[in-house]
Engineer: 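First the structure, which I've put down as structure tokens, then a few questions once you've had a look.
Note on naming: letters A, B, ... go to the chains in the order of the sequence lines (proteins, then strands), and numbering restarts at 1 for each one.
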Amino acid sequence: MELVEESPYRFRIDQRDPMRVPGVVFATRSLLPDAGADKSLEQVANVATLPGIVDASYAMPDVHWGYGFPIGGVAATDVERDGVVSPGGVGFDISCGVRLLAADLDRAELGPRLDALMDGLAEATPRGMGKGAVWHLADRAELDGVLRGGSRYAVERGFGVERDLDRCEDYGAVDDADPAQVSDRAVERGARQVGSLGSGNHFLEVQVVEEVYDDRVAGVFGLRPGQICVMIHCGSRGLGHQICTDHLRGMEKVMSRYGIEVPDRQLACAPVSSDEGRAYLGAMAAAANYARANRQLLTDAARRIFNRQTGQGLDLVYDISHNLAKLETHAVDGVPRRVCVHRKGATRALPPGHEDLPADLRAVGQPVLIPGSMGTGSYVLTGVPGSPAFASTCHGAGRVRSRKQAVKAERGADPRRQLEEQDIAVRGVSRRGLAEEMPAAYKDVTAVVESAEGAGLCRKVARLAPIGVVKG
DNA sequence: ATGTAC
């Protein structure tokens, strides 16, 4: 794959048949994926062939190989010009995302209570493959409430406070969820998992604000140096996975009817305005709401434990997804267009002044939450004016080793002990789960974030260091 | 990511 270095932190893949637009990769040379083991740059070029794509097929500095689209990919299609929506551009874990909670408590004040706090959080956080959930739904009507209402429904049912919703993307729910497009099988899988972490790179961490880069913005976000926070990273579990599977299959069947050809079968798609496109977007929105309710329920559980152990509450800083497609208005060649922005392993980063931000955040921009790899620290960023890539930035460290390779690399090592030696309390489920997520399997999140900042996609606000990790 | 395979 031929890359042209356009400027620091920005490479271009020139447009050539059948690409409709160029590819753009925001990264340093050392962050670029290894072409031998990772086909993500070919995927960037493949995405550039999608009908209706505008501007460019973008990759964030944490780009790596995914299903159809790369993880770390951003692409927008023009809705009124036969633009398509592609489930592979969102990913299997629909609306996987991050929520950050801040306590009015410093590390020193928490003191030796950390261990008891971790025990409580571990006990209160259902996690691991398919196991348990905070909420046992009474019937399909309750699940429909989750699918339509997201965090709003969870708060209505007593799992949170009104203020939480001001600090959620879309105020806790997207409006266009269509539960009728969610299969019985997806419902069956989802009904037992509302309020559960899952496994893989999902986690709940107790963190400390280690460094603040912008006092004013951090202050508006409710963050200060030394402060204790809780970060929750999880998604839509089996429900989102099943929805992605169902709708990929449905689109594969009808693509030829719309005259769509793609260079990779995994890029199955349909026009946004087609029956299949609308059906997927309705189901995807339902999964998006499910993931938000999921994080709201885990928040409620964490708050109860936190209050019991410390007497303190946890204020929501923000909740943001990094696997989602959204209909948004962006300037394309200087003209406002309605586009379907796919962000897969990429985070929306609204600039200061954006009308979709709540009044108290509008002056500083949207909080962007970047979970690091296990044990290495996470970042809080904010959007910047005039950024490229449809107001998007990176989403995390980005894998460089497959899960299998990661386990192999940890052969003979004790992942849990390695974390404890860094003074990080660990509450895991399996050794394998920890081994798969060791930092050696990931890019350096600091290098990723600095590249994203260097490329003009966002600005650093604070860095958080983990002191305790609960994992599936 | 995921009842780690329909």
Side-chain angles (χ1 to χ4, degrees), chain A residues 38 40 43 62-73 86-99 126-133 182-204 232-250 252-253 265-266 268 283-284 286-288 290-292 294-295 298 320-325 342-347 371 373-374 395-408 410 428-438 441-442 471-472:
Chain A
D38 177 308
S40 57
Q43 294 186 314
D62 46 341
V63 63
H64 58 112
W65 203 358
Y67 182 94
F69 277 57
I71 294 158
S86 177
V90 172
F92 280 87
D93 192 2
I94 296 166
S95 206
C96 176
V98 185
R99 169 176 281 232
R127 61 196 195 279
M129 281 295 273
K131 278 184 286 190
V182 179
S183 68
D184 290 344
R185 197 169 189 183
V187 165
E188 201 179 298
R189 290 177 70 172
R192 295 165 287 159
Q193 298 182 316
V194 194
S196 67
L197 202 55
S199 60
N201 66 353
H202 292 161
F203 65 70
L204 180 151
I232 297 170
H233 178 205
C234 64
S236 52
R237 309 285 282 106
L239 179 119
H241 193 278
Q242 190 63 47
I243 286 171
C244 183
T245 303
D246 292 340
H247 288 262
L248 276 169
R249 205 168 297 159
E252 275 174 12
K253 284 187 203 147
R265 199 179 149 192
Q266 295 185 351
M284 182 209 71
Y290 181 98
R292 289 142 192 234
N294 192 20
R295 291 191 283 274
L298 291 172
I320 185 78
S321 163
H322 49 233
N323 281 1
L324 208 58
H342 301 71
R343 296 187 183 90
K344 179 191 194 176
T347 316
S373 55
M374 186 174 59
H395 89 302
R399 240 179 214 289
V400 290
R401 268 184 201 158
S402 70
R403 294 173 202 284
K404 208 173 180 177
Q405 286 171 319
V407 171
K408 205 170 160 188
E410 289 299 317
V429 163
S430 71
R431 183 192 176 280
R432 187 191 169 88
L434 291 178
E436 285 178 350
E437 296 303 322
M438 288 303 278
Y442 283 87
K471 276 200 80 79

Engineer: Please state how far atom CD in A:Glu437 lies from atom P in B:dT4, giving the value in whole angstrom units.
Structural biologist: 17 Å
Engineer: Check every strand shown and say whether A:Arg403 touches a base, only sugar-phosphate, or nothing at a heavy-atom separation below 4.0 Å.
Structural biologist: base
Engineer: Please check this pair: side chain of A:Gln193 against backbone of A:Gly238, looking for a donor-acceptor N/O pair closer than 3.5 Å.
Structural biologist: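 Here the side-chain-to-backbone pair exists.
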Engineer: At under 4.0 Å between heavy atoms, what does A:Gln193 touch on the DNA or RNA strands: base, sugar-phosphate, or nothing?
Structural biologist: sugar-phosphate
Engineer: Check the phosphate of B:dT2 against A:Ser199, side-chain N and O only, distance under 4.0 Å to OP1 or OP2. Yes or no?
Structural biologist: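 The answer is yes; a side-chain N or O of A:Ser199 sits under 4.0 Å from OP1 or OP2.
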Engineer: Within this structure, what is the NZ-to-C1' distance between A:Lys131 and B:dT2, rounded to whole angstrom?
Structural biologist: 14 Å
Engineer: Specify whether A:His395 and A:His64 have parallel, tilted or perpendicular ring planes, treating 30° as the upper limit for parallel and 60° as the lower limit for perpendicular.
Structural biologist: parallel
Engineer: Closer to the 5' end of DNA chain B via nearest nucleotide, is it A:Arg185 or A:Gly200?
Structural biologist: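 Upstream on the strand: A:Gly200.
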Engineer: How many whole angstroms separate atom CD1 of A:Ile243 from atom P of B:dG3?
Structural biologist: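 Answer to the nearest Å: 13 Å.
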Engineer: For A:Asn323 and A:Cys96, indicate whether the former's side chain and the latter's backbone hold a donor-acceptor pair under 3.5 Å.
Structural biologist: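 The answer is no, because no donor-acceptor pair under 3.5 Å joins these two groups.
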Engineer: With distance as the sole test, does A:Ser196 use its side chain to make a donor-acceptor pair with the main-chain N or O of A:Arg127 at under 3.5 Å?
Structural biologist: no
Engineer: Nearest-Å distance, CD (A:Gln242) to P (B:dT4)?
Structural biologist: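 Taking atom P of B:dT4 as the reference, CD of A:Gln242 is at 12 Å.
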Engineer: Rounded to the nearest Å, what distance is computed from the CZ atom of residue A:Arg432 to the P atom of nucleotide B:dT4?
Structural biologist: 12 Å
Engineer: Starting at atom CG of A:Asp93, determine the distance to atom P of B:dG3, rounded to an integer number of angstrom.
Structural biologist: 10 Å
Engineer: Write down the distance between CD (A:Glu436) and C1' (B:dT4), rounded to a whole number of angstrom.
Structural biologist: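 In whole Å, B:dT4 C1' and A:Glu436 CD are 9 Å from each other.
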Engineer: Would you say A:Arg237 places a side-chain N or O within less than 4.0 Å of OP1 or OP2 belonging to B:dG3?
Structural biologist: yes
Engineer: Rounded to whole angstroms, how far apart are CG on A:Asn323 and P on B:dT2?
Structural biologist: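 Distance check: A:Asn323 CG to B:dT2 P gives 11 Å.
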Engineer: Could you tell me whether the phosphate oxygens of B:dT2, OP1 or OP2, come under 4.0 Å of any side-chain nitrogen or oxygen in A:Arg189?
Structural biologist: no
Engineer: Looking at A:Glu437 and A:Arg399, is any side-chain nitrogen of the basic one under 4.0 Å from a carboxylate oxygen of the acidic one?
Structural biologist: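 So A:Arg399 pairs with A:Glu437 through a salt bridge.
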